[in-house]
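Data block below; observations after.
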Amino acid sequence: MKCGIIGLPNTGKSTLFNLISNSKALSENFPFCTIEPNYGITNVPDKRLYELKKFINPIKIIPYKIKIVDIAGLIKGSHKGDGLGNKFLSHIRETNVIIHMIRIFTDVSVIHVEGSINPIRDKEIIDLELQLKDLETIEKRLEKEKNKTNQSYILLKKVSSFLKEGKNIRMFPFQDHEKEFIKDLHLLTIKPVIYVCNVEDDNKDCNSFYVKIIKKMGEKEKAPTIVLSLKNESMKKKKENFHEHESGINKLIKKAYQLLNLQTFFTIGKKEIRGWSIPNHWTAYQASSVIHTDLKKGFLCAEVIHYKDFIKYGSSEKAKKAGKMFLAGKNSFLQDGDLIHFRFNK
Ligand SMILES: Nc1nc2c(ncn2[C@@H]2O[C@H](COP(=O)(O)OP(=O)(O)OP(=O)(O)O)[C@@H](O)[C@H]2O)c(=O)[nH]1
Ligand SMILES: [Mg+2]
């Protein structure tokens with residue numbers, strides 16, 4: 001599961017990537033600084049790990065992680081190969097959530113490829129490039145389709161008209177089963193998106209004119225907008241324990257995690273408390289595989305305590321005495337935050 005950072009050149013994508021993943025990708029004041037994508041991982045901040053720590057006091061805490069990709073800047077005409085060519089599209093295609101970086105900060109010393117600050121225009125440039133690429137993908141499929149009366153042909157025709165109106169496919173009113181028809185096309189504008197407004201100062205600019213408009217545009221797509229100042233975040237990072245405080249970056253990572261449709265379970269012990277992430281609706285049996293394949297092979301059952309019960313009773317023993325520990329079989333589903341101990345045959 002990956003999140004890809006996209007946007008015009010010089011909007012702060014690599015700066016964000018470095019902050020999120022503790023990397024040192026090249027980030028300079030010239031457009032197209034990033035050519036090949038940068039790959040990294042980031043811890044997902046979760047307060048529950050620190051709440052659990054109060055009762056267990058382990059040697060270490062291991063948070064769960066998500067993958068982040070910093071993708072080359074897009075410009076007008078990118079879909080047909082202008083700028084750095086259209087290789088970037090395959091990098092976007094392989095992501096599950098898009099983080100769309102929008103420059104609100106005005107700093108004139110940072111070159112803007114369009115020559116002026118206009119976040120609405122900038123968002124529309126990126127949207128249009130992705131829409132044109134999706135349109136091309138759909139048109140190719142439509143040309144190949146011989147049976148013009150089948151369900152998928154009719155659906156794709158509708159989606160194509162929708163794109164031609166300048167709308168991202170994520171806004172299309174799909175019926176529940178319809179997304180299956182187009183899954184293999186790996187369309188770009190159907191992916192969940194988070195808009196990030198990179199402002200000069202997040203204390204002053206949170207409700208500025210442009211931020212309000214971008215938020216409204218996001219709401220129409222049911223997409224969240226996060227406002228942050230990478231300049232300020234970079235300074236904060238130097239001062240504080242980054243993953244424990246409620247920064248804009250942490251909000252962003254949590255939001256990305258939500259959109260990836262993942263859920264969390266915890267394992268606890270004297271040595272470590274660890275968070276694990278699994279797709280929503282995975283069973284206890286499937287969950288065991290993320291720890292070790294041996295657990296899945298010899299799976300007997302999982303001892304489960306819901307997070308709230310553990311916090312209420314303060315230990316596994318006390319929760320068990322209160323009847324709050326239960327055994328989950330192979331096909332049982334888990335709740336987000338469950339504390340799990342797997343029983344298995346060695
Ligand atoms: N004033 C100000 N400058 C910023 C901010 N965020 C990034 N920058 C500067 O903008 C320049 C470009 O930042 P990058 O993170 O490299 O931009 P990018 O989007 O990765 O650019 P490309 O790789 O060229 O597409 C750098 O000089 C950053 O220091 C910000 O919030 N405020
Ligand atoms: Mg870059």
Side-chain angles (χ1 to χ4, degrees), residues 2-40 42 67-79 81-92 95 98-119 121-123 125-127 129-130 193-211 214 225-239 242 247-253 256:
K2 271 186 225 154
C3 303
I5 311 173
I6 68 163
L8 286 181
N10 253 2
T11 46
K13 300 183 296 300
S14 298
T15 310
L16 174 69
F17 173 82
N18 286 342
L19 276 170
I20 290 188
S21 63
N22 250 325
S23 309
K24 291 199 167 55
L26 200 60
S27 151
E28 296 285 349
N29 182 8
F30 60 85
F32 301 119
C33 176
T34 307
I35 300 176
E36 289 303 322
N38 299 303
Y39 293 93
T42 183
K67 294 180 189 155
I68 305 286
V69 197
D70 170 28
I71 298 170
L74 312 183
I75 53 161
K76 266 185 202 159
S78 283
H79 75 282
D82 293 354
L84 291 173
N86 50 19
K87 222 170 66 182
F88 72 88
L89 291 164
S90 61
H91 304 137
I92 304 178
T95 64
I98 291 175
I99 297 174
H100 181 157
M101 179 65 81
I102 298 168
R103 171 173 172 178
I104 312 264
F105 69 87
T106 42
D107 191 344
V108 286
S109 69
V110 180
I111 304 152
H112 194 301
V113 284
E114 290 292 318
S116 62
I117 304 297
N118 185 340
R121 171 204 60 203
D122 294 355
K123 177 186 179 300
I125 290 176
I126 302 295
D127 281 349
E129 289 308 311
L130 303 186
V193 67
I194 304 172
Y195 293 107
V196 178
C197 293
N198 187 9
V199 297
E200 193 62 40
D201 183 346
D202 51 353
N203 294 318
K204 284 194 217 136
D205 308 328
C206 266
N207 272 316
S208 70
F209 172 72
Y210 280 128
V211 169
I214 299 289
T225 301
I226 303 270
V227 186
L228 47 78
S229 159
L230 290 178
K231 204 165 105 183
N232 289 356
E233 295 280 344
S234 308
M235 288 190 286
K236 271 188 221 162
K237 189 183 177 191
K238 283 180 197 139
K239 282 193 225 150
F242 190 50
S247 67
I249 299 256
N250 279 358
K251 276 189 211 150
L252 171 62
I253 301 171

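In listed order, ligands and their atoms are each counted from 1. It should be emphasised that the depicted structure is a prediction, and the values quoted were computed from it without experimental measurement.
The protein non-hydrogen atom at the shortest distance from atom 19 (O) of ligand 1 is Lys13 NZ, 2.7 Å. Atom 12 (C) of ligand 1 has its closest protein heavy atom at Asn10 OD1, 3.0 Å. If you check which protein heavy atom lies closest to atom 28 (C) of ligand 1, you get Thr15 OG1, 4.0 Å. Protein heavy atom at the shortest distance from atom 17 (O) of ligand 1 is Gly12 N, 3.3 Å.
For ligand 1, none of its N or O atoms has an N or O atom of Ser229 under 3.5 Å away. Ligand 1 has no N or O atom lying under 3.5 Å from any N or O atom of Phe105, backbone or side chain. Taking distance alone, with nitrogen or oxygen atoms compared against 3.5 Å, Asp70 stays at or beyond that limit from ligand 1.
At a 4.0 Å heavy-atom cut-off, ligand 1 does not touch Met101 at all. Only side-chain heavy atoms of Val110 come within less than 4.0 Å of ligand 1; its backbone N, CA, C and O stay farther off. Only the side chain of Asp107 comes within 4.0 Å of ligand 1, counting heavy atoms alone; its backbone N, CA, C and O stay farther away.
For the Mg ion (ligand 2), the N/O/S atoms of Ser14 include one lying under 2.8 Å.
When the heavy atoms of Asn198, Ile75, Leu16 are ranked by distance to atom 31 (O) of ligand 1, first place goes to Asn198.
Between the side chain of Glu114 and the main chain of Asp122, no donor-acceptor pair closer than 3.5 Å is present.
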